[in-house]
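Throughout, a chain's letter reflects where its sequence line sits, starting with A, and its residues are numbered from 1. Just so you know, these numbers come straight off a predicted model, no measurement behind them.
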Amino acid sequence: MSDIIGKKEMEKAYNPAAAEAKWYAFWQEKGYFTPKIDKSKKPWVCIMPPPNVTGALHQGHAMFVAAEDAMTRYHRMLGEPTLWLPGSDHAGISGETVVEKLIWKESKQTKNDLGREAFLQRVWQWMDEYRDVIVQQLEVLGASADWTRKAFTMDPPRQRAVRVAFKRLFDEGLIYRAARIVNWCPGSMTVISDLEVDMVEELGSLWYIRYPVKDQPGRFVTVATTRPETMLGDTAVAVNPKDTRYTDLVGQMLTLPLMNREIPVVADDGVDASFGTGAVKTTPGHDPLDFEIGQRHNLPIINIMNPNATINENGGQYVGLDRFEARKQIVADLEREGFLVKVEPYTHNVPYSERAGVVVEPLVKEQWWVKIKPLAQPALEAAYKGRVKFVPDRFKKIYTDWMENLHDWAVSRQLFWGHRIPIWYCDNCGNVEATDEESLAACGKCGHSDQLRQDPDVLDTWFSSGMWPFSTLGWPDQTEDLAYFYPGSVMETAPDIIFLWVARMIMFGIHFMGDVPFHTVYLHGLVRDEKGEKMSKSKGNVVDPLENVREFGSDALRFTLLTGSTPGVDIKLSRTRLTDSRNFANKLWNATRFISLSGLEGLEYQPATLSADLPLADRWIISRYSQVVKDTSRMMENYQLGEAGRALYDFLWGEFCDWYIEVSKLRLNSPDPATKQASQQVLVGVLEGALRLLHPFMPFVTEELWQNLPHSGESLIVALWPEANDQIDLAAVSQFEALQEVIKGIRNAKSEAKVESKRVAAIIVAKPELKTLFEQQAESVTRLAGVEASQLQIFDAAGLPEAPRQALSFVTAGATVYLPLAGMLDLAVERSRLAKEIEEVQKEIEKAERTLSNASFVDRAPVAVVAKERERLAANQEKLSRLEQRLQELATV
RNA sequence: GGGCAGUUAGCUCAGUUGGUAGAGCGCCACGCUUACACCGUGGAUGUCAGAGGUUCGAGCCCUCUACUGCCCACCA
C-alpha cells in the first residue's frame, strides 16, 4: 500500500467515499478487528449494545459507533488485545409486531390464525433476512468491531444460555409465579414493564358518581373517577379511617349502580381524604392502588376486560363493548338514572404503551417474576464501592436511587417471538419445573413424559439482553473467550436504558459470573436536530446518518458527534458543524498533500525527536506536539473524548498548518538538499504522530494520509499510540511565541493602517537577549509578516541610531517594532492609538499592583501565582515605558 | 410531588484539581503569498441567567430565585 508515496499525485480535495470503502475493506481483510488472545496482557473489552433487528440506522447508532470505536481504536493502539463485540437484538415486542403487520398485509391473517409454529417460522425467515442489515450499516460508519464474534440474542448459543440462567434462578427460588396487578398492553396483548409505559398528561374528565347506601334510602356516597368503566368491577368503596364524614358508613353496604351488586365501605389509610370526595371506588382488578386496598381488606377481584380491552362477561350489559365505548355508554346510563353528580375537566397522567401507543390497562394476571432484592443488593454495592463507575458521575445516583426502590421484575410476556420460558407443567402429577434443555424429556417428579406442556409465554427481551456481556462470550461454557475477556471494560450506551439494560447486566453479571460485567459505564447524549428537538419519524426531522456520511464523510460525522458535546449531554447536530469537520479533514488532506508535493522519495521515516541543534521552529513544533500527546493521552484516559478531539483540531490547524507549515516553506525551498530534508523530516514526524492521535476520531482520512507519508508499519489502525515523552523545550516555546507576537503585530498594524503595499519596511528593536533570535528568524518575519527582506533592520535598544518618526509602531513583550511609512501616516491618529494602548496597559498595571499590594494575596496565594503576577506587572511596566517613549518621540515631530 | 441537567460573543458550543474568558460558524475589512476559497490575514462583539455567600481571588464551590429541558412518582 505504501508504494503510492511520491508516485501518485494527490487530488486537490479529499474524497471521503473512495478512501472509506478502500480502508475498511483493507482492515477487514487483514483481520485487525479481531484481537489476539495474549494471556500476558490485560485485554480491553467493549460489548456493543446490540441494535434491534427491526430498527433503522439512526444517529444514536452513529453516536455509539463514534464513541465506542474511538475508545476501541485508542486501546488497540495502546497495544492491548482489544475486543469490541457486535451483535443484534431480537427486539421482543417490536420484532413480533413487525412480522404481524407483514403477515396481515400479505394474507390478512393474524398470528393466532397462523398459530405459534407457523408464525415463528415466518419471524425467523424475516430475521434471517434483516438480522445483519443494521449491523452492516455500522461498517459504513467505520466500526472496527470483531465481526467474527458477532452474536444474536436469539441464536442457539444465546437460547441455551437463557435457559440455563432461568433454570438456575428458578432452582435458587429467585423466580416465582404470582398474580399481581400488571401493565397490560391491549395493542400488543402482552404484559409490559413499568419502564415501557409512558405517562402522558392529558385533559380528561373527573366523573362524580353516587352510590346509594343500602337500607338508607336517599343517602349516597359520592365517588370521583377518571375511568368510570372500571366501576363494573368495583368491589368496595374506600375512605380514610380518619375521615369523620364517613365514619358511620364504614362497614355498611352500598349498591353498585348499573350492576346492582352490593359492595362494602372500607376504611384504608391509602385514601387521601382531601382529594375528590374522599371516597374512592375500589376496583382491585383494574387499578394498582385499589389492588393494594383489596389485598388489605380481602376484597374479591373482578376482571371485567378481555385481553383486547373489550368488556367481558363480568361487565353485564356492556359485554363486548370496547373500553372507551363502554365508558361513554356507562356515563350516559348513569346520567339517565340519576347517579351522575357532576363532571369536571381534569388533567391527569394517562399511561401509554411505549410499543403500541395505546392506553395501558392495569389488570391482574398471573406472571413469572424475578425476585429482585437478592440481585439488586450486590449490584448496588458495586456502584457504591466504585467497582462500576459512571461517566458522567451523576448517573451513579440515578442508578442507585432506582435500584434502591426496585420492585420484582415481571419477566413473562404473552408473545410468540422471544425466549420461550423453560418451565414445564406435568399434568399427570402437577409438577412444575424448569429445564435448560430444549424440552423436558420426562417429569422430574413422576417420571411421566406424556402429559408435559411448556409454559406458553416468552421472556422479556431484556432478560437475554441482561446476559449479553457474558452470553456473547460463550457462557455457560467455560470458553477461552469467557475466561479472557470477562469482565469487560466499558459499557457505552444511552442514558435512557440505564434501568432497562445497564442495571440488569450488572445484576446478572454479578449473579452468574461473580463479577461486574464492566468497570465503567459511559453514557452519551441523545442526538437532536438543529433546533434541539428529538428526532422522530412523526416529526419528520430524522436525519439519516448514512445521508450525512455520503455528504460529509464518515469521519466528519463522527468527529462532529464526538467534539460537539460532553458525555451525558444531548447534542444538536447541525450542518455547519458537519461542514466544519469535513473542512478539517480536507485541511489535513492538503497539509499532507503539500508535504508530499515537496518530494518525499527516499525519505526514511523517523519519529519527531527533539534535539538542541534543530532550528527554533522545529523545537517549537516538537515541543507543542509532545504537549498535545500528553494532553490527549490524559483526556482519553479520563473519557474526555470531545476535549481530546478539539485539542487535536486546534493543534493541527492552528499550530501545525497555520504556523509550522508556513515557516517550513523557507527551508523546503532551500537549495541545500540537507536543509530541505531535515525540514521534511520534522514535518513528516510531527504530522505522522498527530495522525496517530487523531485516528480514533477520524479513522479513514488519517489512515489514507498516513499511508501517503513515510511511516513504519502496515496500517495506522495497528500503529502505536504516541508515547508521552516530555520532549518539551520551554525556552523554544517562549521564543517562538515572541516571534509570533512580532509577526502578528506587523500584520495587524498593516491591516489597521490599510497599508497597500504587500511588502513593507520594518525596524525591530529587540530586547538584548532576543536580538540574535530575531536576526536568525529574519526570514520568517519577512515571509510571514510581509516585510521586504532588504528593508528589515534589527537592533537592540542601544544600537538603534534614531527612532523613525514617520512610522507605525507597536510594542510586544520582546520588542518595539517600527514600520516606516513616510508620508502615508497620520501622526495624530498614531498618537491617539498609542495613547489608547497606554491607557490599557496602565489599567493592567493598576490591577496587578492592587492585587500585589493585598497582603493576604501575597501570603495565601501559591508562590507560583504570586510570581506570575509579579512578572506580569514587570512586563507591563516595561512595555509602558517603551510606549511612553514612543509617544514622546512622536510628540516632538 | 420529588430529583437531575442546562442557562458563557448574533448562532452552536468548549472551559475537571478556583488564578486576569475560548473555538467554529456568521459578520466587517483585506487577500490568487506556487497545500488548501472545504483557503489565508486582520477586526468587532461577553456585568459567563439573576441575587446573596465562602475565598486573597469564583464561569468554576455553597444558598436562593427565574426560565428551559429531562428523569422518576399508584392521588382515584
Side-chain angles (χ1 to χ4, degrees), chain A residues 10 12-14 181 194 199 206 223-227 230 238 270-272 274-283 287-292 346 348-349 351 362 392 394-395 397-398 401-402 405 495-496 498-499 526 530 532 552 556 563-566 568-574 576-577 579-598 635 638 640 642-643 646 649-650 653-654 657-658 661-662 665 669 744 747-752 754-756 758-759 783-786 844 847-848 851 854-862 864-866 868-869 872:
Chain A
M10 293 169 73
K12 211 169 166 183
Y14 175 53
I181 196 128
D194 291 349
M199 290 306 226
L206 194 55
V223 298
T225 180
T226 54
R227 292 186 297 150
T230 60
V271 178
D272 177 358
S274 66
F275 185 86
T277 61
V280 187
K281 60 181 275 316
T282 306
T283 322
D287 183 275
L289 176 65
D290 295 1
F291 180 78
E292 281 175 32
Y346 185 66
H348 65 308
N349 290 325
R394 67 188 141 86
F395 286 105
K397 192 174 162 353
I398 293 177
D401 284 356
W402 186 75
N405 302 303
D496 55 351
I498 291 178
F499 307 143
L526 253 51
E530 302 198 41
F552 299 100
T563 56
S565 80
T566 39
V569 178
D570 291 356
I571 170 174
K572 287 176 211 167
L573 186 62
S574 72
T576 38
R577 295 218 49 250
T579 307
D580 292 347
S581 302
R582 180 205 58 184
N583 293 355
F584 180 45
N586 188 242
K587 184 74 179 178
L588 297 174
W589 173 268
N590 274 291
T592 307
R593 175 165 173 261
F594 168 74
I595 296 170
S596 340
L597 283 175
S598 74
M635 290 162 180
N638 295 337
Q640 297 172 276
E643 279 290 282
R646 273 177 241 119
Y649 180 99
D650 291 343
W653 198 319
C657 289
D658 288 351
I661 286 187
E662 290 309 317
K665 284 175 179 173
N669 285 337
K744 283 189 198 168
R747 287 168 173 171
N748 178 334
K750 282 167 67 180
S751 171
E752 291 284 284
K754 304 217 186 305
V755 173
E756 296 278 326
K758 285 196 191 75
R759 304 249 163 234
R783 177 167 184 115
L784 298 192
E844 293 292 314
K847 203 172 160 191
T851 309
N854 183 338
S856 36
F857 170 75
V858 182
D859 289 348
R860 299 187 195 193
V865 175
V866 177
K868 205 173 150 195
E869 195 65 29
R872 195 181 290 147

Spacing of the [atom1] atoms in [M] and [N] (rounded, Å):
N: B:rC48; M: B:rG43; atom1: P; result: 24 Å
N: B:rG57; M: B:rU20; atom1: C1'; result: 10 Å
N: B:rU63; M: B:rC25; atom1: P; result: 39 Å
N: B:rA29; M: B:rU12; atom1: C1'; result: 25 Å
N: B:rC61; M: B:rA5; atom1: P; result: 10 Å
N: B:rA21; M: B:rG46; atom1: C1'; result: 8 Å
N: B:rG3; M: B:rU65; atom1: P; result: 12 Å
N: B:rC11; M: B:rG53; atom1: C1'; result: 34 Å

Worksheet item: What is the per-nucleotide protein-contact pattern of nucleotides 68-76 of chain B, from the 5' end, where B denotes a base atom under 4.0 Å from a protein heavy atom, S denotes such proximity for sugar-phosphate atoms only, and - denotes neither?
Response: ----SBBBB
Worksheet item: Heavy-atom distance under 4.5 Å between the side chains of A:Phe552 and A:Ser581, does that happen here?
Response: no
Practice prompt. Please examine the side chains of A:His348 and A:Leu206, heavy atoms only from C-beta on, and report whether any two atoms are closer than 4.5 Å.
Written response: no
Watson-Crick or G-U wobble partner of [N], both distances under 3.5 Å:
N: B:rA23; result: B:rU12
N: B:rU47; result: none
N: B:rG40; result: B:rC30
N: B:rG57; result: none
N: B:rU17; result: none
N: B:rG6; result: B:rC67

Counting N and O atoms only, with roles assigned by atom type, does the side chain of [X] sit under 3.5 Å from a partner on the main chain of [Y], one being a donor and the other an acceptor?
X: A:Thr282; Y: A:Val280; result: yes
X: A:Asn586; Y: A:Arg582; result: no
X: A:Asp570; Y: A:Leu526; result: yes
X: A:Asn638; Y: A:Gln640; result: no
X: A:Ser751; Y: A:Arg747; result: no

Just to confirm, is there a sub-4.0 Å distance from OP1 or OP2 of [N] to any side-chain nitrogen or oxygen of [X]?
X: A:Thr563; N: B:rA14; result: no
X: A:Lys868; N: B:rG19; result: no
X: A:Asn638; N: B:rU16; result: no
X: A:Arg747; N: B:rG42; result: yes

For the pair made of [atom1] in [X] and [atom2] in [N], what is the distance, rounded to whole Å?
X: A:Asp650; N: B:rG15; atom1: CG; atom2: P; value: 13 Å
X: A:Asn586; N: B:rA37; atom1: CG; atom2: P; value: 8 Å
X: A:Tyr649; N: B:rC13; atom1: OH; atom2: C1'; value: 13 Å
X: A:Arg577; N: B:rC13; atom1: CZ; atom2: P; value: 9 Å
X: A:Arg394; N: B:rU16; atom1: CZ; atom2: P; value: 15 Å
X: A:Asp401; N: B:rC4; atom1: CG; atom2: P; value: 9 Å
X: A:Gln640; N: B:rA14; atom1: CD; atom2: C1'; value: 11 Å
X: A:Phe395; N: B:rG6; atom1: CZ; atom2: C1'; value: 13 Å

Practice prompt. Report the relative orientation of the aromatic rings in A:Trp653 and A:Phe584; use parallel for angles under 30°, tilted for 30 to 60°, perpendicular for over 60°.
Written response: parallel
Worksheet item: Going by the angle between their ring planes, with limits at 30° and 60°, are A:Tyr14 and A:Trp589 parallel, tilted or perpendicular?
Response: tilted
Using the 3.5 Å cut-off, write out each protein N or O paired with an N or O of nucleotides 31-35 of chain B and the distance between them.
| residue | atom | partner | partner atom | Å |
| --- | --- | --- | --- | --- |
| B:rA35 | OP1 | A:Lys665 | NZ | 3.3 |
| B:rA35 | O3' | A:Arg593 | NH1 | 3.4 |
| B:rA35 | O2' | A:Asn590 | OD1 | 2.7 |
| B:rA35 | O2' | A:Arg593 | NH1 | 2.6 |
| B:rA35 | N7 | A:Lys665 | NZ | 3.3 |
| B:rA35 | N6 | A:Cys657 | O | 3.4 |
| B:rA35 | N6 | A:Glu662 | OE2 | 3.0 |
| B:rA35 | N3 | A:Asn590 | O | 3.1 |
| B:rA35 | N3 | A:Ala591 | N | 3.3 |

Discussion item. I want to confirm an ordering. Mapping A:Arg646 and A:Arg582 to their closest nucleotides on RNA chain B, which one lands closer to the 5' end?
Written reply: A:Arg646
Worksheet entry | Side-chain donor/acceptor contact of A:Glu844 with base of B:rU20 under 3.5 Å | yes
Worksheet item: Do A:Lys572 and B:rU12 have a side chain to base donor-acceptor pair shorter than 3.5 Å?
Response: no
Looking for any heavy atom pair under 4.0 Å, which part of the strands does [X] touch: base, sugar-phosphate only, or nothing?
X: A:Pro862; value: base
X: A:Gly786; value: nothing
X: A:Thr576; value: sugar-phosphate

Fill in: Within 45° cone of A:Phe594 ring axis and under 6.0 Å: A:Lys665 NZ or CZ
yes
Fill in: Derivation and outcome, side-chain contact (heavy atoms from CB on, under 4.5 Å), residues A:Glu643 and A:Thr566
CA-CA 8 Å; A:Glu643 279 290 282; A:Thr566 39; 5.7 Å; no
Worksheet item: What's the verdict on side-chain contact (heavy atoms from CB on, under 4.5 Å) for A:Asn669 and A:Arg783, showing C-alpha distance, side-chain angles and the deciding distance?
Response: CA-CA 12 Å; A:Asn669 285 337; A:Arg783 177 167 184 115; 4.3 Å; yes
